[in-house]
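Following: one structure in structure tokens, then a few remarks.
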Amino acid sequence: MILTTFLALTLAAGPATDAGAALVRDGAAHLRDGLAAALATPAREMPVYRSEARAVSNWRSETKDGLLPLSLAWTAWAAPNDPAFVARCVKLNNYWCIKRARWDGEIGGDQEGHTGFATAGQGADAAVSLLRRYYGEYGRRSALAIVRRWAPAECGAPVAARALAPAGRASPARAATPALAALAPQGIGRTLRARFLASHGRGGAPRRIARAPRPVAGNALRVQPWSALARMQGRPRQPVRIVRAAPLPTIAAGIGETARPSAAIEPGRVLDGGRLAAEAAALPTLAAAPVSALPPALRPPAPFCGSDEIRIQNYAARIAGSVGVKPGDDLGLFTPDGHATERLAPVLLAMSSVELGALRASPALVAAAIARAEAERAASRQAQAAP
């Protein structure tokens with residue numbers, strides 16, 4: 001019944017019905033095109049490295065998709081300013097703080113040599129490739145061996161402490177080195193700096209030297225005739241008795257320290273500009289010569305690396321703990337034929353958490369990088385096996 005009625009009305013309307021249907025179709029087509037344009041993903045701009053900001057231009061969008069926890073990652077993405085918990089390597093799309101080595105996707109780097117990647121995925125690819133190289137080519141298979149190369153100490157070995165002399169025994173005097181003899185011909189204690197420090201206190205203030213009171217002409221105080229001082233003034237003072245030491249026997253001659261004649265200091269000779277210039281020219285050039293070429297007395301002391309060693313030990317413990325081994329044990333990241341094991345992903349996640357602090361790489365980012373590395377390796381092997 002309804003179909004019959006609709007057919008009758010259509011026939012009665014005639015050409016007007018076709019025009020209305022055409023308008024409806026055109027409106028639907030325009031609406032579909034508008035929705036498609038609104039929902040279409042905008043084309044991504046090519047990322048660039050900005051040296052003034054020390055960051056890659058797209059680091060915020062990469063943070064939203066590649067880091068955990070999501071609350072901090074989305075905060076870093078939406079914040080107008082850089083949050084304090086964002087590490088410098090996050091702004092480089094380099095979640096493992098890898099140094100520059102012409103990696104795939106490398107578009108810049110900071111002053112410390114850390115690489116700026118175009119995407120976070122390319123940074124993860126570089127981390128997988130670098131760990132494979134450490135494990136296979138360099139033979140660094142334990143967490144401690146990897147960290148000592150991945151994040152080495154920034155100072156030299158600790159300086160060995162000098163052994164203290166036993167109580168009651170004087171330490172033997174060491175002979176002056178040639179460099180020390182050239183710097184201080186009259187001894188280190190007679191240099192201008194030593195004499196200044198001996199005569200001045202902290203801050204350069206001159207030391208106060210106790211002097212004997214000056215004699216006063218006459219008696220400053222009135223002496224009463226019944227006082228003891230008046231009675232003592234009438235008695236002659238006894239001369240001071242001089243006690244002479246017994247002469248030393250011949251067997252003890254030479255044991256005591258011989259007195260050295262003190263040479264008079266000539267201010268004109270000390271401040272002679274020509275003499276100082278000649279002595280300075282005879283010394284080695286400290287700025288041009290390497291440290292190893294300098295005499296031991298002129299070499300700068302090696303800094304103490306205690307804090308760096310603690311950092312390395314903690315870093316290695318985090319990596320080894322992620323797979324349940326000790327820092328000195330083999331991590332087992334790759335098989336003998338080069339395939340990645342299930343231990344590679346947790347090690348990469350632990351390393352990123354140490355490098356980034358509050359943030360860490362997501363498991364999906366790491367798994368995708370490992371899958372790409374395995375596929376690329378399989379394709380290269382097939383290409384080599386093909387005739």
Side-chain angles (χ1 to χ4, degrees), residues 49 54-56 59 63 66-68 84-106 108-117 120 122-158 302-334 340 343-363 365-366 369-370 373:
Y49 176 73
R54 301 177 63 182
V56 181
W59 73 268
T63 299
L67 288 180
L68 292 178
F85 60 83
V86 175
R88 59 179 178 178
C89 291
V90 172
K91 304 176 185 179
L92 300 174
N93 295 332
N94 184 358
Y95 302 157
W96 288 267
C97 292
I98 301 172
K99 295 298 182 70
R100 303 184 65 175
R102 297 182 180 179
W103 299 104
D104 184 20
E106 179 179 331
D110 59 7
Q111 296 179 354
E112 288 77 15
H114 297 103
T115 308
F117 290 98
Q122 291 172 330
D125 293 341
V128 174
S129 176
L130 190 56
L131 267 184
R132 186 188 297 275
R133 188 181 304 173
Y134 277 19
Y135 197 88
E137 298 180 11
Y138 301 155
R140 295 180 174 268
R141 302 191 171 186
S142 66
L144 200 57
I146 290 174
V147 173
R148 289 192 187 280
R149 180 68 181 267
W150 193 285
E154 298 179 357
C155 57
F304 186 69
C305 293
S307 59
D308 268 357
E309 183 62 26
I310 294 175
R311 176 185 60 83
I312 291 174
Q313 294 288 344
N314 293 337
Y315 198 160
R318 288 281 298 274
I319 295 176
S322 64
V323 292
V325 297
K326 295 181 179 179
D329 297 342
D330 191 343
L331 292 174
L333 302 180
F334 300 92
R343 291 186 173 185
L344 181 58
V347 166
L348 285 170
L349 293 175
M351 294 178 69
S352 70
S353 66
V354 173
E355 296 287 353
L356 303 184
L359 297 168
R360 65 183 183 275
S362 63
L365 179 68
V366 173
I370 296 175

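Looking at heavy atoms from C-beta onward, W103 lies out of side-chain contact with Q122 at the 4.5 angstrom threshold. Side-chain contact between T63 and V86 is absent, with no heavy atoms from C-beta onward closer than 4.5 Å.
For the residue pair N94 and F117, the shortest heavy atom distance occurs at CG-CE1, 3.8 Å. Across every non-hydrogen atom of W59 and V56, the tightest pair is CD1-O, 3.0 Å. Considering all non-hydrogen atoms of both residues, H114 and C89 come closest at CD2-SG, 4.3 Å.
Looking at Y49, its side chain does come within 3.5 Å of a backbone N or O of G109 through a donor-acceptor pair. Here the side chain of W150 pairs a donor or acceptor atom with the backbone of W96 at under 3.5 angstrom. Remark: side-chain polar atoms of T115 are paired, donor with acceptor, to backbone N or O of I98 under 3.5 angstrom. D110 places no side-chain N or O within 3.5 Å of a backbone atom of R54 that could act as its donor or acceptor partner.
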Could you pull out all donor-acceptor pairs under 3.5 Å where a side-chain atom in residues 344-363 meets a protein atom, sequence neighbours excluded?
from, atom 1, to, atom 2, distance (Å)
S352, OG, L349, O, 2.8
S352, OG, A361, N, 3.2
S353, OG, R318, NH2, 2.9
S353, OG, A350, O, 2.7
E355, OE2, Y315, OH, 2.8
S362, OG, G66, O, 3.4
S362, OG, L365, N, 3.3

Please tabulate, for side-chain N and O atoms in residues 321-328, each donor-acceptor pair with protein atoms closer than 3.5 Å (sequence neighbours left out).
from, atom 1, to, atom 2, distance (Å)
S322, OG, I319, O, 2.5

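Interatomic distance, CG of L130 versus CG of D125, reported as 12.5 Å (0.5 Å rounding). With rounding to the nearest 0.5 Å, the separation of CG in L331 from CG in L131 is 9.0 Å.
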Determine, stepwise, if the pair Y135 / D330 fulfils side-chain hydrogen bond (donor to acceptor under 3.5 Å, both in side chains). CA-CA 10 Å; Y135 197 88; D330 191 343; 2.7 Å; yes
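Sorted by first then second residue, the salt bridge (Lys or Arg N to Asp or Glu O under 4.0 Å) pairs that include residues 135-148, not counting sequence neighbours, are R148-E309.
Residues satisfying the side-chain hydrogen bond (donor to acceptor under 3.5 Å, both in side chains) test with R133, not counting sequence neighbours, are none. In this structure, R149 has no salt bridge (Lys or Arg N to Asp or Glu O under 4.0 Å) partners at least two apart in sequence or on a different chain. Residues passing the side-chain hydrogen bond (donor to acceptor under 3.5 Å, both in side chains) test with Y134, sequence neighbours excluded: none.
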